[in-house]
Amino acid sequence: MAGLDTIDRNILRLLRLDARMSNTKLAGDVGLSPSACLRRIKIMEQAGVIRGYTALVDTANTDTTIAVIINITLERQTEDYLDRFEAAVRKHPEIRECFLMTGGSDYLLRVEIESAGDFERIHKEILSTLPGVLRINSSFSIRNVLGTKRVSRR
């Protein structure tokens with residue numbers, strides 16, 4: 001994203017807030033003509049800066065899932081350990097995201113659960129069987145601040 005100018009970054013910021021915004025409104029908000037704005041979006045899509053568009057689902061209102069953030073520490077940080085761990089993670093669709101990290105843990109995972117019993121199953125059948133795992137530290141989310149509209153606290 002180093003080659004992006006202020007207008008490109010502004011387009012990205014606005015698309016993150018509302019990817020369904022009309023091109024006409026987006027162009028007006030960033031100070032471009034609709035054709036120039038669309039051209040910039042197409043260039044960013046072709047360059048892979050914009051990889052796709054998605055819907056943010058407010059699970060608090062539509063579903064009973066809870067996001068669990070899991071920090072994994074491996075026994076060793078060798079290439080072999082990392083490769084085996086990552087290959088195993090890819091086999092489990094219950095693991096929605098997996099990030100190789102710096103700092104206190106080696107990986108950060110995100111899973112979505114429906115109950116404590118559901119998490120117990122995932123912990124026993126998946127997390128504790130992943131190769132090379134030394135430590136598992138899990139935190140249950142209360143709310144995804146960026147995934148939902150702002151709630152007034154008055």
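The basis for the numbers below is simple: all heavy atoms, side chains too, and nothing from hydrogens, waters or symmetry mates. Numbering starts at 1 and runs along the sequence shown.
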Extract all donor-acceptor atom pairs below 3.5 Å that involve side chains of residues 25-42 and protein atoms in other chains or at least two apart in sequence.
residue	atom	partner	partner atom	Å
Lys25	NZ	Asp29	OD1	3.3
Lys25	NZ	Asp29	OD2	2.9
Ser33	OG	Ser35	OG	3.3
Ser33	OG	Ala36	N	3.2
Arg40	NH1	Asp5	OD1	3.0
Arg40	NH1	Asp5	OD2	3.0
Arg40	NH1	Asp8	OD1	2.9
Arg40	NH2	Asp5	OD2	3.3

- Task: Work out which heavy atom in Ser141 is nearest to a heavy atom in Ile66; give both atom names and the distance.
- Result: O-CG2, 3.8 Å
- Item | Closest contact, heavy atoms only, Thr73 versus Gly104 | OG1-O, 3.8 Å
- Evaluate the side-chain proximity of Met44 to Ile11: yes if any heavy-atom separation is below 4.5 Å, no if none is. yes
- Quick check: does any side chain N or O of Ser128 sit under 3.5 Å from a backbone N or O of His123, one acting as donor and the other as acceptor? yes
- Side-chain heavy-atom pair Glu97, Leu109 within 4.5 angstrom cut-off: no
- Ile69: which other cluster members, linking ILVMFWY side chains closer than 4.5 Å, directly or transitively? Phe99, Met101, Leu108
- Query: Closest approach of Asp118 and Ile113, non-hydrogen atoms and distance?
  - Reply: OD2-CA, 3.4 Å
- Working to the nearest 0.5 Å, report the span between CD of Glu45 and OH of Tyr53. 3.5 Å
- Message: Within the structure provided, determine whether Glu94 and Arg121 are in side-chain contact (heavy-atom separation under 4.5 Å).
- Response: yes
- Item | Exercise: identify the closest heavy-atom pair between Pro131 and Phe85 | O-CD1, 3.7 Å
- Message: For residues 15-35, which residue pairs pass the ring pair (Phe, Tyr, Trp, His ring centres under 6.0 Å) check, not counting sequence neighbours?
- Response: none
- Item | Arg135 vs Ile72 side-chain heavy atoms within contact, under 4.5 Å | no
- Note on the structure: Taken to the nearest 0.5 Å, the spacing of Arg76 CZ from Asp106 CG works out to 12.5 Å
- Message: Before you tell me yes or no, could you show the steps for Asn71 and Tyr107 under side chain to side chain contact (heavy atoms under 4.5 Å, CB included), namely the whole-Å CA-CA distance, both residues' side-chain angles and the distance that decides it to 0.1 Å?
- Response: CA-CA 6 Å; Asn71 290 294; Tyr107 287 93; over 6 Å; no
- Got a donor-acceptor contact below 3.5 angstrom from the Arg9 side chain to the Leu4 backbone? yes
- Item | Within 6.0 angstrom of Ile142 CD1, more than 12 heavy atoms from elsewhere | no
- Would you say the side chains of Tyr81 and Glu86 form a donor-acceptor pair under 3.5 Å? no
- Item | Same cluster (ILVMFWY, side-chain, under 4.5 Å), Leu100 and Leu134 | no
- If you draw a 6.0 Å radius around CZ in Arg110, do more than 12 non-hydrogen atoms from other residues or ligands fall strictly inside? yes
- Query: What are the two closest non-hydrogen atoms of Ile70 and Leu127, and how far apart are they?
  - Reply: CD1-CD1, 3.6 Å
- Please answer: with hydrophobic residues joined when any side-chain heavy atoms are less than 4.5 Å apart, are Ile43 and Leu12 in the same cluster? no
